[in-house]
Amino acid sequence: MTSDGTGGYNPSEVEAKWQGRWEELGTNGFTGDALQTAENRYYQLMMFPYPSAEGLHVGNIYAFTGADVHGRFHRLTGKQVFEPIGFDAFGIHSENFALKQGVHPMDLIPSNVANFTKQLRRIGGMFDWDHSVDTTDPDYYRWTQWIFIQLFNAGLAVRKEAPVNWCPSCMTVLANEQVISGRCERCDTPVEQRRIAQWFFRITEYAERLLGNLEGLDWSDTTKKAQHNWIGRSEGAILRFPILTPEQVDEADPPTLVLDPGAGGQDPGVDGSQIDVFTTRPDTVFGATYMVLSPEHPLVDEVTDEGQAEAVAAYREQATAKDLVARQKVEKTKTGVPTGGFCLNPATGQPIPIWVADYVLMEYGTGAIMAVPGHDERDFDFAEAMGLPIVRVVAGEGDGADTPLSEAYAGDGEMVNSGRFDGMAVTEAKPAIAAWLAERGSGETKVNYRLHDWCISRQRYWGPPIPIIHCEACGPVAVPEADLPVVLPRVEDFKPDDSGVSPLARVEEWYRIDCPQCGAAARRETDVSDTFLDSSWYFLRYPSTDFADVPFDAELMRRWLPVDCYIGGNEHAVLHLLYARFVTMALHDLGHLEFDEPFTRFRAHGMIIRDGAKMSKSKGNVIVPDEIIEQYGADTFRTYLMFLGPYEEGGDYQDEGIQGPHGFLHRVFETVTSAVDRAAPSDDDGGGAADPDIERKLHQTIRQVTRQMPELGFNTSIAAMMEYLNAVRAGGRTASPSEVEALVVMIAPFAPHMAEELWARLGHDGSIFEGANWPAFDETKTRETSVKLAVQVNGKLRATVEGPAGMDQDAAEAAARSDENVARYLDGAALKRVIYVPNRLLNFVVEQA
RNA sequence: GCGAAAGUGGCGGAAUUGGUAGACGCGCAGGAUUUAGGAUCCUGUGGCUUCAUGCCGUGGGGGUUCGAGUCCCCCCUUUCGCACCA
């Protein structure tokens, strides 16, 4: 690095110096019992990273820097800010990487963590290294397991069968991301679906609360909306369709079984066997002309007619053989086969055929639908393809009862072909028909959620073992809390093999254990838990890392939680945040926490792209942060990242763009040091009265930055400071210390090292973050004394006139009229009205002659 | 296909929420300084033309208003989610 003649600012020197000083002073974190006694707390949380072997990428740094800037800002306003960071190091990601590199994850992770720690220190974040977590540390996952046990004891962790992707060649379970267009990523064999027993958390029990609580949270709207849609509440009804025996169907041929449905009730006497469907449109039940079961539906065999058994079995086999990913990606063309069976439409009293088709999903609703082709697009397509009847039961504007349908009509209108409900508006018919069916025992209203229970089992190695012991006599038994953690044994061969279960199932000396309840020989659960469980509670652990015997200390929880501000990526807006909320709620209900929402405020940062494209290794457009920091320093890099776009939207990384903040910081350094040098001889403020224009600009800048910072308006805050610096330096003038001290404080969150150095040169001892107060602005000092008024005629700018601030309309008009150009436009025109916006604009509305 | 967000100079982006569009920065051009390069410092920089505070201009088209980047309607494009949710 060459000297650059700008006051001798040498970032690498300044940054090394202050990173050392922070450690000596313990400025960044809380030591001893400081956390226990903090009064004016602010918990600034950022999503902890997965410590990859590649090291920090720009996205990480962007996320952490924004959070750090926000945290440092709050610190300067007098809060005691806790800003911890840790490592989310379990999971398939590191496991796969370890497999590929032939390194054991237990060796890989510590070196990755060490590398991340070094890089994180280098970017100058105010991280509290005395309160860090690593999810792979047994002292941490001991409590992850403890949480599992609390939920298990409360009946919120249950075991049930669920489908998984299965590679018949590797004989192993695959994660969704290991299935590449229907084939195993390793051996290219088509992937199948299999059902195995897995552990689930019953998050659906909390659906209503997870939804309702959203209202009161200070989260960005998009995130709330994403959660809202994911939970996917829909109001509708469960309707019961009695299954008909072949005899009943014969009797009803021609097909009017019960003429007046009102008389029928539950009458058909079908020995209680029935098909339940969920629908959000009970009003359209009269238009249900057939029924569809999902291929996995348990009743498929029962309703299948002998003649159709073979075709149905074949169809089911090909539908269920598809792996999960492919099944969800089927093209729009509908396939299906009739079962030959019939059931009774409880509204019309007519028999309708039962089909099997894979466009109906077992996972949603009841796995069966009443098909209303007239008013549902998917049903319409299917009915057309299969030649099934389409009946109109809703008439839109201009439609009659018999207007033919060329596509499904899902809009509002009047009921038709619906018996006694004809003529009723859809909105009224919905509750009316649902109530009518309920009265007759054919249904009930029901709220349905799209949200599924949370599957936490992983047939993998690199995760915390699920703390359960399977005993033949007692069933699944929780590991006694005193025996936690269940330590993940070091297994050299952790590759999934053809056993089809977790690699832990090969470690007999590990899984063999006596039942803690009856003492009989038993077996440990060999699945590990989902990484999302690790990350669902880490923020609870941070303040309590000094406590070995409890997951979190009650007093610290009261003092520090819920989190004041959480910042992280949009990719976690749904799952992670939902799981963390669920775990917090469950722990609250079980008496472990006093609050039931973990994050008071959440903001998602945007994404950094480069030259208009996503950064990726394959495109070769990845920025290596270390190189930028080496060349420009961490302060410049931080400032540039915060400057290049609105934080919540991200921005485009342009290599040359860093020159702006680079030059800016150098000029700040030069301006401040020369202000100090100039002031030194006389030891006063550099002499002379304060420049009123500079003072006004300063107060305006403080106001602007103070308002922007809490809203993460970093790019505009930096722009405002640049403007101020330009004003201070205009015409080569030298600033006085009092003109720049506030600037140094305001820039400190962005360029903390440089700010420290300048703070010291301004004659202060210790850290700026401990000694400085965020500058206050005086509203009266922000006011302009004279203003430039825009003068318009009919909304078009014709002049600008200068006058004293706050002048009245008469004065403004007089000034404007004296302008030649304005006079020209007003001459000979009839003045209709005058709009006056004080200090801004004067608009003459005229009628041209 | 559905859902969400967004379209402003050569580029990244501002705009007190209906009041002078283009702040701040990059880039570019001219100049100063320098042995040279780099760095630094001034000055200029939406387009057009008849060089005037003249006309046009915030994806396109309509509308409301004294006044629209901002509000309303229609259309187009891009990005990101979700993929048949009954």
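Letters go in sequence order (proteins before strands), and every chain restarts at 1.
Proximity of A:Y836 to A:L789: side-chain heavy atoms (C-beta onward) are separated by under 4.5 Å at one or more points.
Residue contacts for A:R233: at a heavy-atom cut-off of 4.0 Å it reaches no nucleic acid atom on any strand shown. Heavy atoms of A:K832 sit nowhere under 4.0 angstrom from any nucleic acid atom. Across all strands shown, A:F643 has heavy atoms under 4.0 Å from base atoms, whether or not it also approaches the sugar-phosphate. Nucleic acid contact for A:Q792: base, since at least one base atom lies under 4.0 Å from a heavy atom of the residue. Residue-level contact check: A:R707 touches neither bases nor backbone, having no heavy atom under 4.0 Å from any strand. Residue A:N448 is out of contact with every strand shown, counting any heavy-atom pair closer than 4.0 Å. As judged by a 4.0 angstrom heavy-atom cut-off over every strand, A:N843 is placed among the base-contacting residues. The residue A:D379 sits apart from the nucleic acid: no heavy atom pair falls under 4.0 Å.
Each of B:A86, B:C24, B:C11 was ranked by its minimum atom distance to the side chain of A:N726; first place goes to B:C24. With B:C56, B:A23, B:G12 as the choices, the nucleotide that has an atom nearest any side-chain atom of A:L644 turns out to be B:G12. Distances were taken from every side-chain heavy atom of A:E723 (C-beta onward) to each of B:A23, B:A86, B:U53; the shortest belongs to B:A23. Comparing B:U53, B:A23, B:C55 by their nearest atom to the side chain of A:T800 picks out B:U53. Of the candidates B:A86, B:C24, B:U20, B:C24 carries the atom nearest the A:A719 side chain, counting heavy atoms from C-beta on. Comparing B:G19, B:A15, B:G25 by their nearest atom to the side chain of A:V837 picks out B:G19. Listed candidates were B:A5, B:C24, B:U20. Nearest to the side chain of A:T222 is B:A5. Considering only side-chain atoms of A:Q659, the nucleotide from B:G54, B:C85, B:C26 that sits closest is B:C26. Side chain of A:R824, nearest nucleotide from B:C85, B:C24, B:G54: B:G54.
Side-chain rings of A:F382 and A:Y359 approach one another, their centers coming within less than 6.0 Å. Checked against the 6.0 Å centroid threshold, A:F532 and A:W454 do not count as a close aromatic pair. Residues A:Y653 and A:Y640 bring their aromatic ring centres within 6.0 Å.
Remark: B:G30 base-pairs with B:C42. Criterion, Watson-Crick or G-U wobble with two distances under 3.5 Å. Nucleotide B:U35 forms no Watson-Crick or G-U wobble pair with any nucleotide shown, as no partner meets the under 3.5 Å limit on both distances. Applying the Watson-Crick and G-U wobble criteria (two distances, each under 3.5 Å), B:C80 pairs with B:G3. Across every strand in view, B:G69 sits unpaired, with no contact that passes the Watson-Crick or G-U test at under 3.5 angstrom. Nucleotide B:C48 has B:G54 as its partner under the Watson-Crick or G-U criteria, with both atom distances under 3.5 Å. When both pairing distances are held under 3.5 Å, B:G25 makes a Watson-Crick or G-U pair with B:C11.
Across the protein-nucleic acid pair, A:R798 atom CZ and B:U20 atom C1' stand 13 Å apart, rounded to whole Å. Protein atom CG of A:D652 is 16 Å distant from nucleotide atom C1' of B:G9, rounded to whole Å. Rounded to a whole Å, the OH atom of A:Y62 is 15 Å from the P atom of B:G12.
In this structure, A:N715 and A:A790 both approach RNA chain B, and ranking their closest nucleotides by distance from the 5' end singles out A:N715. Nearest-nucleotide mapping onto RNA chain B: of A:R833 and A:T279, the residue sitting toward the 5' end is A:R833.
There is a side-chain donor-acceptor pair under 3.5 Å between A:Y364 and A:S234.
Within the 4.0 Å cut-off from OP1 or OP2 of B:A5, at least one side-chain nitrogen or oxygen of A:K225 is found. Dashed line: the shortest gap from a side-chain N or O of A:R450 to OP1 or OP2 of B:A86 is not under 4.0 Å.
Using a cut-off of 4.0 Å between Lys/Arg side-chain N and Asp/Glu carboxylate O, A:E723 and A:K697 are scored as salt-bridged.
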